[in-house]
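Below is one structure, written out as structure tokens; comments come after it.
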Amino acid sequence: MTHLRSYLKTKTLVPHSRLEALPFFQALQAGSLPALPIVNFLRCMAILHAVLEPECSHVTIPQFTRLAGHATPKVPLLVADLETLRAQTVPSITGAVHAALDCAAEILSNARNPLSLVGVLYVLEGSQNGALILRQAYARCLNLHEAQLTYVGCYGDRTATHWQRFEYLLNSLELDEESMTLVDAAAVACFSWIEKICTALYPYSEQSLQAHVTAINFEAGDHAMPQDPSEIALALRAGNNAWQQYPYLDYRYGERGKRFTNSDSCWLVALTRMPVETATKNLEWIRPVLAVRGIPTVILERQLHLIQQALAVDFPDQVEMRTRFDQFLSALDAERQSVARAMARLIEQFGLSFRVCSGFKVPSAAELIASAWVDERSGIRGALASVYDWLADSRRFSDEWIANVNELVTQLKNVEGSPC
Amino acid sequence: MLRWCSYCQKFLGEAEPYEDLAITHGICATCKQNLRTLTNQGFEDSGRLQAIQNQLMTAGRSGDLEAADRIVRNAIANNVRVIDIFMGLVAPLLYQIGEEWRKGSITVAEEHRFTSYCEQLFGQLSNQVTASRSTAPPNADRVDVLLMNAPGNRHSMAIRILAAWFADQEIPVRVLNPTPAIDDLVSLISQGHPRLLLISIALSEQYPALVSLVERIAALPGPYHPKILVGGYAVKMNLVPPISGTYLVTDINSVEVTLGNCSCP
């Protein structure tokens, strides 16, 4: 029986050699590769790993789980490297980023069959072998110490033994010929995508450089982004302020949530360049997207106010920009007008009750629940449950806290005119 | 809503409310002419289309292409045309699946997989769309309609289905995918003199680049100037404002009307 490892090595020989011969790797080895393509390379790898790793974790076949589990998660390493390189401010080489996004979409589309994930894993894990040799070259081009890079050559002096074990686990999959063909196809496709990425990365043209949202959040896909650096800075500041005002976001969504808050904030600032009606429609579009994922509208509303305030300071002449959200914000006011007084009373009353509860506490819980209730009341099905389920989870909160959450929800539902 | 002819099972287009994907029935022009000779068979079959759509959705959720192929072939055997299946059943499912993601009931991975399933199904069956035509397209060298995505929109399924629909109507069509550079597009228009340029826009952020593109085309001399129709998810959801010099089309009926009003240069 043919072993999968030797089968794949033979089948991917040509695309592998073609990849190594690209100007990107030639310049890297010569020490002449600029930092910009390297930062973009890491950005693209983050896009791929951010899709691959969760998909692998969903597979429950034991042999596959052992294989995928042997690979160290790369996303945290890439996050660390991108931070070291202050990548948020480094422009994106759009052709490379688009190729990475297309590759990620293909990984997602094919992930129903774990064999396709095996092919991708083989290529990306295998790339760490060569990367160990190239690590010094990367560090030299970036003017860093080798130790400052964590993704490239991440297995260090354990690389050979790590790979041996990976090969063993690969061979233990014991696949028939048809299955091996599927793994091979995925591996060759992955090589082809990385070739596209690296071809676009170097040499690159000035025209291909853009502020792309993946610089802020490599999981954000491909959405609008301000191109003016001062607008990006403003968006990040507003996002950060919203993040700090609602610690709930950090408790619930962690660092990944922070990246999404930042990329969303960039999108919101980009909306200020659109006509009011369009901005309003887009905000109406995003509202349920957030609300059903546990982010009640009060947070979006706060973020919009923060952006308006920042615009007034940073761009005092651009009056129109800060009026783009007015229609949407006024509609929110109107929507809760009939219940505003009762809501405010309950938020105050339960805010006090939550504060004196024992155990883990989340500031603004009453406000978040009330806002989720308004969302639900306005027709966003699942908005209240998505907040309630987290804030009433007994693994996280005391009985006293949960009793308060339940009582608040009951009282909200009793507010006159509530269809919830 | 999705309107189908009760008698011949031809897809007639969409009707408001667009977000409601329930199937409703009308009568097509041909069947109306032959009304006296028609039986009640069509009405008796009216639940069948909804059943086909539900089966396709179920197969799509589990990525079962074999089942989908079987469902479509059964439908064809029952006189439903492939192009109508894609225009009137599959395309709305793509919209529905996008809405399910928006409402948080499915993950982005599931949405991607469903789209990929539809693309594969279309790939498998697209040759049958034109195979059923009675005649070869007239004047095959000529292109009346150009179809493309707005810069930045990388979802090609909609324009491919639409191209098949035009081909089915024996209207010479060309799909420009990937989206050409503005200069190349201008050159294509100047050489080919298409009557219509249809552009699909998925998200509002593709709007500024689309406006620049439209402005360039508008600057062409009059005779070389195709009518520009802009459609797609962003138009359907009202996420973009009107663009001077273009028609925003929310559904296939508007395309048909515009096409009918559009004389050859």
Side-chain angles (χ1 to χ4, degrees), chain A residues 50-52 54-55 58 94-95 98-99 101-102 104-113 116 207 210 212-213 219-227 266-267 270-271 273-295 379-383 385-386, chain B residues 19 59-65 97-120 123 149-157 178-179 181-182 201-211 233-244 248:
Chain A
V51 165
L52 176 69
E55 287 304 314
H58 297 149
T94 47
H98 286 156
L101 290 170
D102 287 343
E106 192 171 287
I107 294 171
L108 275 183
S109 300
N110 298 334
R112 192 176 268 123
N113 187 341
S116 74
Q207 291 97 311
Q210 229 183 51
H212 194 274
V213 70
E219 292 182 84
D222 189 12
H223 69 59
M225 177 75 187
Q227 292 300 306
C266 288
W267 183 74
L271 288 186
R273 295 281 180 199
M274 294 179 185
V276 175
E277 291 72 22
T278 311
T280 305
K281 286 287 176 191
N282 279 276
L283 291 167
E284 286 167 358
W285 182 88
I286 197 76
R287 180 186 174 193
V289 174
L290 298 173
V292 297
R293 288 164 176 81
I295 302 159
I380 305 174
R381 286 175 62 187
S386 67
Chain B
E19 63 277 14
R61 286 192 199 279
S62 56
D64 190 344
L65 266 176
I97 215 80
E99 283 302 286
E100 285 187 15
W101 168 79
R102 196 162 78 100
K103 289 171 183 160
S105 43
I106 60 164
T107 65
V108 71
E110 286 167 317
E111 189 207 7
H112 268 85
R113 285 197 266 278
F114 192 89
T115 307
S116 165
Y117 151 85
C118 292
E119 281 173 352
Q120 288 178 60
N149 276 331
N153 177 10
R154 302 206 307 282
H155 300 281
S156 64
M157 186 70 186
T179 303
I182 294 189
I201 178 167
L203 298 167
S204 54
E205 43 262 39
Q206 293 147 12
Y207 176 79
L210 179 57
V211 171
Y233 183 77
V235 174
K236 206 184 260 297
M237 299 299 286
N238 238 329
L239 301 179
V240 286
I243 304 168
S244 174
L248 294 189

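Here is the naming used below: chain letters follow the sequence lines, and residue numbers restart at 1 for every chain.
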**Report entry** For chain B, the option from A:Ile286, A:Asn110, A:Leu101 that forms the most heavy-atom pairs under 4.5 Å
**Finding:** A:Leu101

Query - CZ-OG1 distance between A:Arg273 and A:Thr278, expressed to the nearest 0.5 angstrom - result: 14.5 Å

Query raised in the report: Heavy-atom distance under 4.5 Å to chain B: side chain of A:Ile380, backbone, both or neither?
Result: neither

Report summary line: d(A:Arg112 CZ, A:His58 NE2) to nearest 0.5 Å is 13.0 Å

Query raised in the report: Under a 4.5 Å cut-off applied to non-hydrogen side-chain atoms, are A:Thr280 and A:Glu277 in contact?
Result: no

Report task. Supply the atom-to-atom distance B:Thr179 OG1 to B:Asn153 CG, rounded to the nearest 0.5 angstrom. Result -> 7.0 Å

Report summary line: Whatever's closer than 4.5 Å to a heavy atom in chain B on A:His98 counts as both

**Report entry** Part of A:Met274 lying under 4.5 Å from any heavy atom of chain B
**Finding:** side chain

Query raised in the report: Is chain A contacted by the side chain of B:Ser62, its backbone, both, or neither, given a heavy-atom distance below 4.5 Å?
Result: backbone

Report summary line: One option among A:Ala224, A:Pro54, A:Ala111, A:Gly382 has the most heavy-atom pairs under 4.5 Å with chain B, and it is A:Ala224

Report summary line: In this structure, CD of B:Gln120 is separated from CG of B:Leu65 (nearest 0.5 Å) by 5.0 Å

Report task. Salt-bridge test for B:Arg102 and B:Glu99: reply yes if a basic N is under 4.0 Å from a carboxylate O, no otherwise. Result -> yes

Report summary line: The interface call for A:Arg293 against chain B, heavy-atom contacts under 4.5 Å, is side chain

Query raised in the report: Pick from B:Met237, B:His112, B:Glu119: which one has the most heavy-atom pairs with chain A under 4.5 Å?
Result: B:His112

Query raised in the report: Can you find a pair of side-chain heavy atoms, one from A:Trp267 and one from A:Asn282, that are under 4.5 Å apart?
Result: yes

Query raised in the report: Contact part of A:Ala270 toward chain B, heavy-atom cut-off under 4.5 Å: side chain, backbone, both or neither?
Result: neither

**Report entry** Contacting region of A:Glu55 [heavy-atom separation from chain B under 4.5 Å]
**Finding:** side chain

Report summary line: In short, B:Tyr233 meets B:Leu239 closest at the heavy-atom pair CE2-CD1, 4.4 Å

Query - Residue selection (most heavy-atom pairs with chain A, distance under 4.5 Å) from B:Pro208, B:Ser116, B:Ser204 - result: B:Ser204

Requested in this report: Sort B:Leu203 into side chain, backbone, both or neither according to what part of it lies under 4.5 angstrom from a heavy atom of chain A.
Outcome: side chain

Query raised in the report: When rounded to the nearest 0.5 angstrom, what is the spacing between CD in A:Gln227 and SG in A:Cys266?
Result: 10.5 Å

**Report entry** A:Asp102, part contacting chain B, at a heavy-atom distance under 4.5 Å
**Finding:** both

Query raised in the report: Looking at B:Gln206, B:Lys103, B:Arg154, which one has more heavy-atom pairs under 4.5 Å with chain A than the rest?
Result: B:Arg154

Report summary line: In terms of heavy-atom pairs under 4.5 Å with chain B, the winner among A:Asp222, A:Val51, A:Ile107, A:Val289 is A:Val289

**Report entry** Euclidean distance, A:Leu283 CG relative to A:Leu271 CG, rounded to 0.5 Å
**Finding:** 5.5 Å

Report summary line: Whatever's closer than 4.5 Å to a heavy atom in chain B on A:Pro275 counts as side chain

